[in-house]
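Down below is the structure, laid out as structure tokens.
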Amino acid sequence: RAARGRPRGQVAARLLADVPRDAANRLPVGIGELDRVLGGGLVAGSVILLGGEPGTGKSTLLLQAAAALAGGHDVVYVSAEESASQVRLRAERLGVVEAQLRVAAATGLPDVLGLVEEHDPDVLILDSVQTVHDPERDSSAGSVVQVRECAAALARMSKARNVATVLVGHVTKEGSLAGPRTLEHLVDAVLLMEGDRAHALRLLRAVKNRFGAAGEVGCFEMTGAGLDEVSDASRLFLDDLDSSPPGVCRTVLLEGPRPVAVEIQALAVPSSLASPRRQTNGLDGSRVAVLAAVLQRRTDVAIANRDLFASVVGGIRVEEPAGDLALTLAVASSVADRPLPPRLVAIGEVGLGGEVRAVPQLERRLAEARRVGLSAAVVPRRWDGPDHGLHLHRVGSVTEAVAVLESTPGTSAPREHLDTGLAAAVG
């Protein structure tokens with residue numbers, strides 16, 4: 001082929017098995033939940049993009065991380081949105097003002113690169129990339145051109161000088177990262193901080209990670225002194241397991257690879273409106289409407305003329321169908337004004353025909369339910385795995401799930417609750 005006159009390139013291809021395995025030079029942060037999401041720590045020469053809505057705690061987390069890293073590494077924290085004195089005030093609140101951390105306020109890209117040239121840090125933190133301006137570009141800070149070019153220049157610097165760089169990014173109203181999509185392709189990892197200002201829970205989710213597992217989730221609790229790690233997230237969402245008022249049912253979700261037990265609450269009340277309201281918090285409103293229709297059609301639960309309010313305790317969001325069964329039982333319980341047996345968990349997807357379907361990793365979910373102290377579970381009939389010490393009720397439909405709750409053993413519910421159960425809501 002070379003004789004045909006084609007130029008030979010300078011890159012040689014070899015067998016995959018012959019390619020040497022380079023060990024990533026990681027810098028453990030010292031914050032367990034953050035290191036978990038990163039895959040073990042920051043990688044020298046990598047670029048990390050941290051996004052999230054205002055007020056979720058991005059700057060707080062990064063200042064805590066910078067202070068932890070400063071004990072053994074050179075760290076430069078550049079604030080492009082606040083003055084250095086404002087950063088100090090936050091550091092005093094977090095109790096990290098004595099950390100050997102270099103802080104600067106700069107909005108010009110040449111100034112940021114000059115700080116790296118002067119101090120040659122191991123880690124650079126820039127808050128935020130949308131407020132940095134390249135004077136060689138004829139556009140304002142935050143524009144598509146500015147964000148793309150500034151991020152590209154910082155990425156080139158990071159690779160050339162082997163500096164671990166963390167960039168803070170804003171999000172749009174739709175919840176996606178602001179700026180061009182090329183920004184996400186320029187970086188090695190994209191992390192999203194999620195949380196409701198009305199709740200203390202914060203989730204740090206790895207959307208992309210070239211040096212670790214995408215989908216990994218870290219849990220934090222926002223306190224007056226900063227973000228505290230939450231190693232046992234289920235305990236954060238479950239309170240009194242022996243108390244089960246009407247309209248409450250528990251389930252186990254997967255946040256990344258981590259199973260988390262949560263409580264779903266529903267309130268169904270008679271409506272005077274021609275179109276009853278369906279209001280949700282932490283749940284997909286369209287999904288709640290579908291499940292309400294399934295209950296009305298398949299189990300005769302009288303929900304059509306009722307306002308329905310449904311929420312998830314603690315500020316977490318249910319984005320997988322594993323919570324369908326728990327939500328439908330919570331709604332039925334509220335309509336009947338009868339509590340479900342306490343220490344009960346329901347896990348399963350509900351179809352339009354009222355059938356209960358299996359969900360991924362049910363065994364891990366049941367193990368988590370048992371670990372937190374739950375004793376009985378309603379699961380899809382096709383599940384034939386271990387019970388992990390739980391009393392299992394295998395059901396094939398929502399109707400069967402409602403009926404079996406009338407005599408669920410393995411709970412401490414008063415006998416009269418088990419005898420009457422949800423009979424008043426059905427038929």
Side-chain angles (χ1 to χ4, degrees), residues 29 31 34 37-39 42-43 45-66 75-82 86-87 90 104-109 111-113 115-116 123-134 137 139-159 163-197 202-212 214-218 220 222 227:
V29 177
I31 300 177
L34 178 56
V37 176
L38 291 171
L42 294 171
V43 175
S46 66
V47 182
I48 313 297
L49 178 62
L50 172 61
E53 295 182 357
T56 53
K58 303 183 299 297
S59 299
T60 297
L61 176 62
L62 288 183
L63 189 54
Q64 290 180 237
V75 182
V76 172
Y77 186 104
V78 180
S79 176
E81 297 187 352
E82 299 177 314
Q86 288 176 309
V87 176
R90 192 184 322 118
T107 57
L109 179 61
D111 295 329
V112 176
L113 297 178
L115 287 168
V116 176
V123 179
L124 170 69
I125 297 176
L126 176 59
D127 186 3
S128 68
V129 67
Q130 272 92 359
T131 51
V132 176
H133 178 263
D134 184 355
R137 307 293 171 183
S139 56
S140 59
S143 66
V144 170
V145 173
Q146 285 286 351
V147 172
R148 182 182 64 237
E149 297 304 322
C150 288
L154 291 166
R156 289 192 296 269
M157 175 277 300
S158 179
K159 306 299 181 185
V163 177
T165 302
V166 182
L167 308 176
V168 175
H170 299 306
V171 297
T172 64
K173 293 180 180 179
E174 292 75 25
S176 58
L177 286 164
R181 293 304 302 267
T182 54
L183 181 60
E184 299 180 37
H185 298 295
L186 283 171
V187 301
D188 298 299
V190 177
L191 312 182
L192 286 181
M193 180 73 84
E194 303 172 355
D196 188 340
R197 290 188 180 185
R202 299 293 185 270
L203 296 179
L204 182 65
R205 193 183 306 274
V207 178
K208 168 187 175 180
N209 194 351
R210 289 174 178 163
F211 304 105
E216 187 64 75
V217 175
F220 298 88
M222 179 64 78
L227 288 166

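- For Asp188, the side-chain hydrogen bond (donor to acceptor under 3.5 Å, both in side chains) criterion is met by Lys159, Arg210, not counting sequence neighbours.
- Atom NZ of Lys58 sits about 8.0 Å away from atom CE of Met193, to the nearest 0.5 Å.
- For the pair Ser158 and Ser46, the tightest heavy-atom approach, listed with the atom from each and the gap, is OG-O, 3.2 Å.
- What you find for Leu34 and Phe220 is that their closest heavy atoms are N-CZ, 3.8 Å.
- Of the inter-residue distances, the one linking Glu149 atom CD with Leu154 atom CG reads 11.5 Å to the nearest 0.5 angstrom.
- The shortest side-chain heavy-atom distance between Leu192 and Leu204 does not fall under the 4.5 Å cut-off.
- Judged purely by distance below 3.5 Å, without hydrogens or angles, the side chains of Glu194 and Thr56 never pair a donor atom with an acceptor atom.
- Closest non-hydrogen pair, Thr131 versus Ala80, comes out as OG1-CB, 3.1 Å.
- The two residues Ile125 and Ala66 come nearest to each other via the heavy atoms CD1-CB, 3.6 Å.
- A donor-acceptor contact shorter than 3.5 Å links the side chain of Arg202 to the backbone of Asp196.
- Atom CG of Leu109 is separated from atom CG of Leu113 by 4.5 Å, given to the nearest 0.5 angstrom.
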- prompt: Can Gln146 and Val132 be said to form a side-chain contact (heavy atoms from CB on, under 4.5 Å), step by step?
  reply: CA-CA 8 Å; Gln146 285 286 351; Val132 176; over 6 Å; no
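- With Leu124 as the fixed residue, the side-chain contact (heavy atoms from CB on, under 4.5 Å) test singles out one of Val47, Val166, Val163: Val163.
- Of the inter-residue distances, the one linking Ile48 atom CD1 with Leu126 atom CG reads 13.5 Å to the nearest 0.5 angstrom.
- Rounding to the nearest 0.5 angstrom, the gap separating the CG atom in Leu186 from the SG atom in Cys150 is 11.5 Å.
- The main-chain N or O of Leu38 is found under 3.5 Å from a side-chain atom of Asn209 such that the two form a donor-acceptor pair.
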#### Entry: Full working for side-chain contact (heavy atoms from CB on, under 4.5 Å) between Ile31 and Gln64
CA-CA 9 Å; Ile31 300 177; Gln64 290 180 237; 4.2 Å; yes
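- Note that NE2 of His133 and OG of Ser140 are 7.5 Å apart. Values are rounded to the nearest 0.5 Å.
- The minimum heavy-atom distance between Val87 and Ser79, with the atom names listed, is CG2-CB, 3.8 Å.
- In this model, a donor atom of one side chain and an acceptor atom of the other lie less than 3.5 Å apart for Asp127 and Ser59.
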side-chain contact (heavy atoms from CB on, under 4.5 Å) between Leu62 and Leu50: does it pass, once the steps are laid out? CA-CA 9 Å; Leu62 288 183; Leu50 172 61; 3.7 Å; yes
For this session: Decide side chain to side chain donor-acceptor pair (under 3.5 Å) for Glu81 and Ser128; before the verdict, give the C-alpha distance in whole Å, the side-chain angles of both, and the deciding distance to 0.1 Å.
Result: CA-CA 7 Å; Glu81 297 187 352; Ser128 68; 2.8 Å; yes
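- For Glu82, the side-chain hydrogen bond (donor to acceptor under 3.5 Å, both in side chains) test picks out Arg90, with sequence neighbours left out.
- Screening Val29, Leu191, Leu227, Val168 for a side-chain contact (heavy atoms from CB on, under 4.5 Å) involving Leu61 leaves a single residue, Leu227.
- Shown here for Gly218 and Val37, the closest heavy-atom pair between the two residues is N-CG2, 3.3 Å.
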